[in-house]
> 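One structure, as structure tokens, below. Some questions next.
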Amino acid sequence: MPVDKRNSDHQKLTTGSADEHPPASLPSTNPTRSFWLSPEANPLAREGSEGSLTADADICIIGSGLTGVSVAYHLSEAIENRSLPISDSPLRVVILEARDFCGGATGRNGGNLTPISFVHFAMREEQYGIEEAIRSCALEDHSTKAMVDIIERNGWSEGIDLVKNSNITLFFTEDEEKKAKIDFERAKAARLNLDGVQWFTKEEVRETFGAHYPAASRPGANLWPLKLVTKLYEAAKQRTGEYFDVKLHTHTPVTSVVKLAEPSSDTKRTLSLSTPRGSILCSQVIHATNAYASHLMPIFAGLHGIVPTRGQVVATRASVSSDHFQPYSYRGNQDGFAYWFPRPLEPGEQNPLFVLGGMRSVAKPSLEQFVDVDSTVNPTVGKTLRNFLPTVFEGKFESGREPEMEWTGIMGFTATADPFVGPVVDLSTGDDTDFKGQYIAAGYTGHGMPRAFACAEALTQMIIAELTGEEWSHPPWLPKRYLTWNRIKCRN
């Protein structure tokens, strides 16, 4: 099995068998408080959590993060533009969420919307071939451009704090810079569009950004993920009418998905979802639960599937004004992978608030893998995060200063660092008999913001093909290795 040794946290998965790792639990009921999930920013937090539960639907989406809501958005768009033919009754879609709306890793930890560009290109070309390496970049370009286009076309930029900028990678060692330049040259030889990439010497970085390391920049953006997902859901909801209907039920964890021995007598549904509030009959199920996928599908437990991995984040205030910073986002690998970016100033603020996450490599020996509880923080990771920015930007962050907020969120990692996209199949045999009508897009390995929207689009196209009886057409930007039916060999 090829392993991406430079995944988003620069740590490969540990070894072990699936039997050593039980399925994930349900999301914890008392998660740490995330900066992104403030009550005032989440009007849909408890939407549909009280009253009657929808009992029947065409499609049930489990998970209200970027993936799940994007599927609903794409379905509503397909109805609107008639790429999905209309029928006598509306297409009924239900989104089910175990906690508050958008309470998963994207909503808790995300915000950095930067496509991969040339990063890790050489490794992917060597492992998967040049076409797959190009597709890896093409999917993220497609996803981020589509999202930014929707945001700007609908006038959402200010409402979701979209900041289009550059993403700066600091090179803390000569080896890191050397590998990055090899990636760049290999991507350039593959004719990728790299017009926005810039390289900086140590002196240029000190002068421009205030750090003491060489760097490279690539086009990127950051935003408030919850606010974007809210806008996408509201856009889908506005299309509710004669031909489309979407409902949201938060605080409604799905505890099982059962294939009925015989279709229901009245609606001919084939699947039944159980929740503490009752059951829902439906024809298709979308698993958009990322790290928690194995809770409902134990076939995804263990290293061959989707590994719950805890990420930790702090929000910390600079000790100098925003005049001392460029409004860029950053990434680097000193003592462990980290990403960080400044928030837009609120009225009355002078010193910017930075969101900084990562550093799970110091959590030895587990690296926070197979940790599916976000109700606590890791003190060792927290200490490393606190010391990071004062060291990198001397004089701009007060050493020893406590962050204004600290929290965790559970990511879904895979052995190849690639998500699973497509119909659910048994990963040991490829058989889909027990999973007819079920689909999955999950396992983004800490890099869901630039990938989930496009993966949801591809999944929606598969669903539409099933509904219409047509053959699904593989998008040119979707890596073939993401597809579930191509992941069976990863068990060998």
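We use all heavy atoms of the structure for the numbers below, so side chains are in, but hydrogens, waters and symmetry mates are not.
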> Roughly how far apart are Leu66 CG and Leu226 CG, rounded to 0.5 Å?
11.5 Å
> Answer yes when Asp374 and Arg99 have at least one side-chain N-carboxylate O distance shorter than 4.0 Å, and no when they do not.
yes
> Taking only residues at least two apart or on different chains, which pairs with a member in residues 222-236 satisfy side chain to side chain donor-acceptor pair (under 3.5 Å)?
none
> Verify ring pair (Phe, Tyr, Trp, His ring centres under 6.0 Å) between Phe325 and Phe354, making sure each step is shown before the conclusion.
CA-CA 11 Å; Phe325 295 99; Phe354 277 72; 5.0 Å; yes
> On the 0 to 90° scale, with breaks at 30° and 60°, tag the Phe35-Trp407 ring pair as parallel, tilted or perpendicular.
parallel
> So if I apply the side chain to side chain donor-acceptor pair (under 3.5 Å) rule between Asp418 and each of Arg481, His447, Arg487, which one comes out positive?
Arg481
> So, the side chain of Thr173 versus the backbone of Glu176: is there a donor-acceptor pair under 3.5 Å, distance only?
yes
> To the closest 0.5 Å, what do you measure between NE2 (His74) and CD1 (Ile463)?
10.5 Å
> Mark yes when over 12 heavy atoms from residues, nucleotides or ligands other than Arg401 sit less than 6.0 Å from its CZ; otherwise mark no.
yes
> Is the side chain of Glu349 donor-acceptor paired with the backbone N or O of Leu345 at a distance under 3.5 Å, no angle test?
no
> CG/Leu53 to CG/Leu273 distance, rounded to the nearest 0.5 angstrom?
9.5 Å
> Using modelled atom types and a 3.5 Å cut-off, is there a donor and acceptor pairing between side-chain atoms of Thr208 and backbone atoms of Val205?
no
> Report the distance from atom CD1 of Ile410 to atom OH of Tyr292, rounding to the nearest 0.5 Å.
4.5 Å
> Using the test side chain to side chain donor-acceptor pair (under 3.5 Å), find all partners of His142 that sit at least two apart in sequence or belong to another chain.
Glu457
> Let's go through Tyr213 and Phe171 carefully: what are the C-alpha distance in whole Å and the side-chain angles of both, what is the deciding distance for ring pair (Phe, Tyr, Trp, His ring centres under 6.0 Å) to 0.1 Å, and is it a yes or a no?
CA-CA 6 Å; Tyr213 311 94; Phe171 302 119; over 10 Å; no
> Centroid separation under 6.0 Å, is that true for the rings of Phe209 and Phe393?
no
> Taking the basic N atoms (NZ, or NE/NH1/NH2) and the acidic carboxylate oxygens, is any pair closer than 4.0 Å for Asp175 and Lys179?
yes
> Is the Tyr330 ring parallel, tilted or perpendicular to the Trp340 ring (thresholds 30°, 60°)?
parallel
> Is any side-chain heavy atom of Phe121 less than 4.5 Å from a side-chain heavy atom of Cys137?
yes
> For Arg277 and Thr252, which I'm curious about, is there any donor-acceptor pair between the side chains at under 3.5 Å?
yes
> Could you check whether atom CD of Gln326 has more than 12 heavy atoms from other residues, nucleotides or ligands sitting under 6.0 Å from it?
yes
> Does the salt bridge (Lys or Arg N to Asp or Glu O under 4.0 Å) test come out yes or no for Arg317 and Glu398, once each step is laid out?
CA-CA 9 Å; Arg317 185 81 56 180; Glu398 182 182 340; over 6 Å; no
> Between Tyr444 and Thr414, is a side-chain hydrogen bond (donor to acceptor under 3.5 Å, both in side chains) present by the stated rule, with each step listed?
CA-CA 8 Å; Tyr444 298 110; Thr414 69; over 6 Å; no
> For Phe184 and Phe118, I'd like to know if the aromatic rings sit close, meaning centre-to-centre distance below 6.0 Å.
yes
> Taking the side chain from His249 and the backbone from Thr54, do they hold a donor-acceptor pair closer than 3.5 Å?
yes
> I'd like to know if the side chain of Arg135 reaches the main chain of Trp477, judged simply by a donor and an acceptor atom lying under 3.5 Å from each other, with no hydrogens or angles considered.
no
> Is the backbone N or O of Ser375 less than 3.5 Å from a side-chain atom of Asn30, with the two atoms forming a donor-acceptor pair by type?
no
> Stepwise, does the ring pair (Phe, Tyr, Trp, His ring centres under 6.0 Å) test hold for Phe300 with Phe420?
CA-CA 10 Å; Phe300 285 98; Phe420 290 87; 5.2 Å; yes
> With a 3.5 Å distance limit and no angle check, can you tell me whether Glu140 reaches the backbone of Ile116 through a side-chain donor-acceptor pair?
yes
> Could you list the residues that satisfy side-chain contact (heavy atoms from CB on, under 4.5 Å) with Thr380, not counting sequence neighbours?
Val362, Asn378
> Residues two or more places apart in sequence or in another chain: which of them pass side-chain contact (heavy atoms from CB on, under 4.5 Å) with Ser117?
Leu194, Val197, Arg218
> With no hydrogens and no angle check, just 3.5 Å: does a side-chain donor-acceptor pair link Ser274 and Ser256?
yes
> Tell me every residue that passes ring-ring contact (aromatic ring centres under 6.0 Å, His included) with Phe341, counting only those two or more places apart in sequence or in another chain.
none
> At what distance, to the nearest 0.5 angstrom, does CG of Leu96 lie from OG1 of Thr289?
11.5 Å
> For the atom pair CD1 (Ile151) and CG (Leu228), what is the distance rounded to the nearest 0.5 Å?
5.0 Å
> Which residues pass the salt bridge (charged side-chain N to carboxylate O under 4.0 Å, His left out) test with Asp161, not counting sequence neighbours?
Arg343
> Would you call Glu132-Lys480 a salt bridge at under 4.0 Å N-O?
no
> Residues in salt bridge (charged side-chain N to carboxylate O under 4.0 Å, His left out) with Glu406, at least two apart?
Arg386
> Look only at the side chain of Ser143 and the backbone of Ala454, and say whether a donor-acceptor pair between them is shorter than 3.5 Å.
yes
> Test of understanding: with side chain to side chain donor-acceptor pair (under 3.5 Å), list the residues that count as partners of Thr144, not counting sequence neighbours.
none
> Who pairs with Thr376 by side-chain contact (heavy atoms from CB on, under 4.5 Å), at least two apart in sequence or on another chain?
Arg310
> Leu223 pairs by side-chain contact (heavy atoms from CB on, under 4.5 Å) with which of Val163, Leu162, Asn112, Val148?
Leu162
> Do we see a donor-acceptor contact under 3.5 Å between the side chains of Thr408 and Arg108?
no
> Decide side-chain hydrogen bond (donor to acceptor under 3.5 Å, both in side chains) for Ser329 and Asn167; before the verdict, give the C-alpha distance in whole Å, the side-chain angles of both, and the deciding distance to 0.1 Å.
CA-CA 5 Å; Ser329 54; Asn167 184 272; 3.0 Å; yes
> Report yes or no: do Asp372 and His295 form a side-chain donor-acceptor pair below 3.5 Å?
no
> Under 3.5 Å, is there a donor-acceptor pair between the side chain of Ser366 and the main chain of Lys364?
no
> For residues Ala338 and Met359, report the shortest heavy-atom separation together with the two atoms involved.
CB-CE, 3.7 Å
> Hey, does the side chain of Ser399 reach the backbone of Pro390 with a donor-acceptor pair shorter than 3.5 angstrom?
no
> Mind checking what makes salt bridge (charged side-chain N to carboxylate O under 4.0 Å, His left out) contact with Lys164, not counting sequence neighbours?
Glu152
> Using the side chain to side chain donor-acceptor pair (under 3.5 Å) criterion, which residues pair with Asn42? Sequence neighbours excluded.
none
> Report the residues that fulfil side chain to side chain donor-acceptor pair (under 3.5 Å) with Ser64, sequence neighbours left out, ordered by chain and then residue number.
Glu97
